[in-house]
Number of protein chains: 2
Amino acid sequence: MKYEAVTIKDIAKALGLSTSTVSRALRDSYEISPETKKIVIEYAQQINYRPNPIALSLKEKRSRSIGIIVCEIANSFFSQAINGIESIAYDKGYNVIIAQSHESYEREILNLQYLASRSIDGLLISVSSETENLDHLINLHKRGFPIVFFDRVVEDLATHKVSVDNYKGAYDATSELIKNGHQNIAMVAGSEFLSITKERVAGYHQALSDHDLPFDANQIEYCLHGGMLYEEVEKALEKLLYHNNNKPTAVIASADKLTTNCLRYFKSKNLQVPSDIAMIGFSNLDLTDLLSPSLSVIRQPAFEIGQVAIELLIKQIENKRPTTEFEKIILPPQMIIRESSGAKKIR
Amino acid sequence: MKYEAVTIKDIAKALGLSTSTVSRALRDSYEISPETKKIVIEYAQQINYRPNPIALSLKEKRSRSIGIIVCEIANSFFSQAINGIESIAYDKGYNVIIAQSHESYEREILNLQYLASRSIDGLLISVSSETENLDHLINLHKRGFPIVFFDRVVEDLATHKVSVDNYKGAYDATSELIKNGHQNIAMVAGSEFLSITKERVAGYHQALSDHDLPFDANQIEYCLHGGMLYEEVEKALEKLLYHNNNKPTAVIASADKLTTNCLRYFKSKNLQVPSDIAMIGFSNLDLTDLLSPSLSVIRQPAFEIGQVAIELLIKQIENKRPTTEFEKIILPPQMIIRESSGAKKIR
DNA sequence: CTAAAAACCGGGAACGATTGCATAAATAAA
DNA sequence: TTTATTTATGCAATCGTTCCCGGTTTTTAG
């Protein structure tokens with residue numbers, strides 16, 4: 001069943017005018033007499049005329065819609081970021097089409113093809129944790145297609161980038177744990193391919209070094225799927241806790257899903273937090289205060305990241321000349337200290 | 001900066017053919033010789049030709065995109081439902097445009113106007129908790145526009161509806177608490193306007209009655225914003241716990257946000273769950289097992305609800321004749337019993 | 001060998017809106 | 001009165017694609 005909308009032609013026919021006159025009257029052109037304008041505008045209102053955006057898109061060669069690719073919308077960081085994106089996009093008359101990679105490189109490519117074929121005007125992307133090869137993005141970018149990276153940015157592409165100071169977040173978390181007496185701090189990290197992982201590892205590394213603690217590569221375990229799979233996190237923690245000369249007394253989880261799955265593991269093993277094992281996690285869940293013990297977290301300004309990213313993208317889309325100067329914006333993370341990062345057990 | 005795509009004209013010019021021939025060759029028409037087809041298809045592949053969906057939309061009077069209106073995507077139930085919707089929509093070549101009402105009637109109307117003006121082919125909606133008047137939806141529906149309700153359905157509109165057995169969910173939750181010795185059970189409910197609220201209250205009511213317990217209207221508090229505002233929940237609980245002759249020993253929270261805000265309140269008042277106050281909440285969070293005490297929940301099959309809803313919508317969109325028979329599909333909820341619903345304190 | 005029938009391909013209208021250009025009428029200036 | 005100018009409107013092209021309607025060539029049947 002088709003739903004028939006009213007067009008400019010219907011108005012023209014009803015009023016005995018040409019479509020051009022109607023179009024101009026509706027756009028308040030100086031060429032049209034005030035009386036005609038009044039008649040047209042009133043009639044249009046009466047029959048609830050709305051210009052067909054598809055016809056406009058065809059003519060103007062732009063769809064006023066932008067694509068977003070994230071791993072999961074059911075991830076508090078990304079749903080908050082999308083909220084930020086939407087808040088600005090709707091104001092500026094753009095709609096957003098959301099696609100999920102589910103952390104799969106293959107699906108990221110499929111999504112990109114799909115979005116490109118839907119003639120989006122620009123793309124906001126936070127790459128999947130499997131993404132190492134960037135050819136799919138480079139191709140588009142070379143042809144002048146506007147792309148803005150957020151959160152998980154990549155180095156090899158000259159575009160706008162918006163992320164959080166991951167280095168500082170990890171540095172602060174590590175320092176806090178050291179302050180509380182922890183000397184053996186492990187890290188459950190996300191995919192090695194991701195910039196955010198590298199930065200967080202670097203911050204962790206530097207904090208250890210600044211406090212004269214040794215860095216042990218065995219204290220870091222990478223999870224390719226970013227914690228999406230419980231088994232992956234389980235394996236990482238087994239290795240860190242039980243197949244390690246240097247058993248850690250504290251853990252830093254470097255992503256939302258990693259954090260919750262670490263907790264799940266500790267619970268299953270009956271490990272008390274923070275007495276058996278302390279932890280700080282990167283997390284944007286608004287429930288971490290309700291956990292027992294309440295969870296110390298590094299929180300990212302997700303909403304703002306989304307807002308800044310979409311603003312840069314729209315600016316680039318609406319630019320007449322090709323953009324040559326790209327911005328790299330880094331927002332500060334927030335550390336919220338609660339119970340889970342407390343002192344280790346006194347033996 | 002504009003990004004120029006290759007069109008059917010470019011192919012026609014390059015190959016010395018007409019656009020009609022190219023179009024037909026690409027659609028594998030019988031009117032075109034195998035040799036010509038081969039040449040065209042190969043060349044199209046080589047220059048990476050993709051048909052312009054906007055031009056197609058204009059011609060076919062359909063955009064192959066559908067709108068979704070929910071209150072919040074940062075709500076586990078809805079993000080899971082959207083996952084279900086997307087999984088089917090992408091398979092069938094539709095894209096989804098998501099809009100959030102943030103539980104505001106006004107924003108719901110704005111979103112609807114926006115989506116309608118973007119020529120979507122159909123709408124999936126879970127109404128806001130403020131929505132009492134349905135004129136905005138009735139108008140569209142009368143003109144033959146396909147609408148499917150999910151989760152928060154409305155009675156006065158003859159369309160497809162997909163929801164969960166809210167009556168049973170509440171009935172089971174109440175019965176479980178009664179089984180554990182609770183005789184005074186309160187309910188923190190969502191907006192009175194919503195069908196799901198009414199059904200859940202009815203289930204609660206019936207369970208009390210079936211166990212020969214009295215029903216006291218003072219044991220129910222409604223939250224117009226569905227728990228979005230902490231203050232609203234706080235006020236409801238103050239009233240139930242401290243301005244009530246009949247102090248409850250257990251609470252049922254009838255929505256995701258209500259559940260978490262109840263817990264937040266109990267924590268702030270240092271009330272132990274379940275010894276001071278037991279609870280079961282409707283929740284789709286995948287973190288409820290990690291809370292202490294772990295939370296007993298009524299979980300809704302959000303992903304499936306989304307899938308069923310989009311399937312019905314697409315079926316209706318692609319139907320040649322107007323749909324006259326509408327389905328009302330009700331999926332079963334799942335009760336997960338954990339610690340929070342346990343026995344009351346023995347005095 | 002001619003007529004009919006396939007087989008193959010191009011021209012052009014259509015979808016809805018905008019816009020440069022042409023045109024008509026009305027007014028102003030000479 | 002004639003010419004120039006303003007004012008108000010219509011025509012037609014355009015965006016990318018499909019599809020109806022012809023037209024030409026080749027094949028088949030009688």
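Order of the sequence lines sets the chain letters (A, B, ...), proteins ahead of strands, with each chain counted from 1.
Distance A:Ile11 CD1 to C:dA17 P: 8 Å, rounded to the nearest Å. Look at CD on A:Glu60: it is 8 Å from P on C:dT18, rounded to the nearest Å. Taking atom CG of residue B:Leu58 and atom P of nucleotide D:dC19, one finds them 14 Å apart after rounding to whole Å. B:Arg62 has its CZ atom 14 Å from the P atom of D:dT18, to the nearest Å. The separation between A:Leu17 atom CG and C:dT18 atom P is 15 Å, rounded to whole Å.
When distances are taken from the side chain of B:Ile8 to each of D:dG10, C:dA17, D:dT17, the shortest belongs to D:dT17.
Residue B:Thr7 is classed as a sugar-phosphate contact, given heavy-atom separations below 4.0 Å to backbone atoms only. Using a 4.0 Å heavy-atom distance criterion, B:Leu56 is classed as a sugar-phosphate-only contact. Across all strands shown, A:Ile54 has no heavy atoms under 4.0 Å from either base or sugar-phosphate atoms.
The salt bridge (charged side-chain N to carboxylate O under 4.0 Å, His left out) search around B:Lys315 returns B:Glu327, not counting sequence neighbours.
Remark: the B:Ser101 side chain and the B:Ser104 side chain contain no N/O donor-acceptor pair separated by less than 3.5 Å. Side-chain contact, B:Ser128 with B:Thr131: a donor N or O sits under 3.5 Å from an acceptor N or O. Side-chain N/O atoms of A:Asn111 and A:Gln100 include no donor and acceptor closer than 3.5 Å.
Within the structure, a side-chain polar atom (N or O) of B:Lys61 is placed less than 4.0 Å from OP1 or OP2 of C:dG16. The side chain of B:Lys59 places no N or O atom within less than 4.0 Å of a non-bridging phosphate oxygen (OP1 or OP2) of D:dC15.
Sorted by residue number, the members of residues 21-43 of chain B with any non-hydrogen atom under 4.0 Å from DNA chain D read B:Ser23, B:Arg24, B:Arg27. Taking every heavy atom of residues 45-52 of chain B and every atom of DNA chain D, pairs under 4.0 Å involve B:Tyr49, B:Arg50, B:Pro51, B:Asn52, by number.
For residues 40-55 of chain B, the pairs satisfying salt bridge (charged side-chain N to carboxylate O under 4.0 Å, His left out) are B:Lys38-B:Glu42, with sequence neighbours left out. The salt bridge (charged side-chain N to carboxylate O under 4.0 Å, His left out) pairs that include a residue from residues 8-35 of chain A are A:Arg24-A:Glu31, A:Asp28-A:Lys37, where partners are two or more places apart or lie in different chains. Sorted by first then second residue, the salt bridge (charged side-chain N to carboxylate O under 4.0 Å, His left out) pairs that include residues 106-124 of chain A, not counting sequence neighbours, number zero.
Between A:Leu56 and A:Pro51 the shortest heavy-atom distance is CD1-CB, 4.3 Å. Contact between A:Ala99 and B:Tyr90 at its shortest, heavy atoms only, is CB-OH, 3.6 Å.
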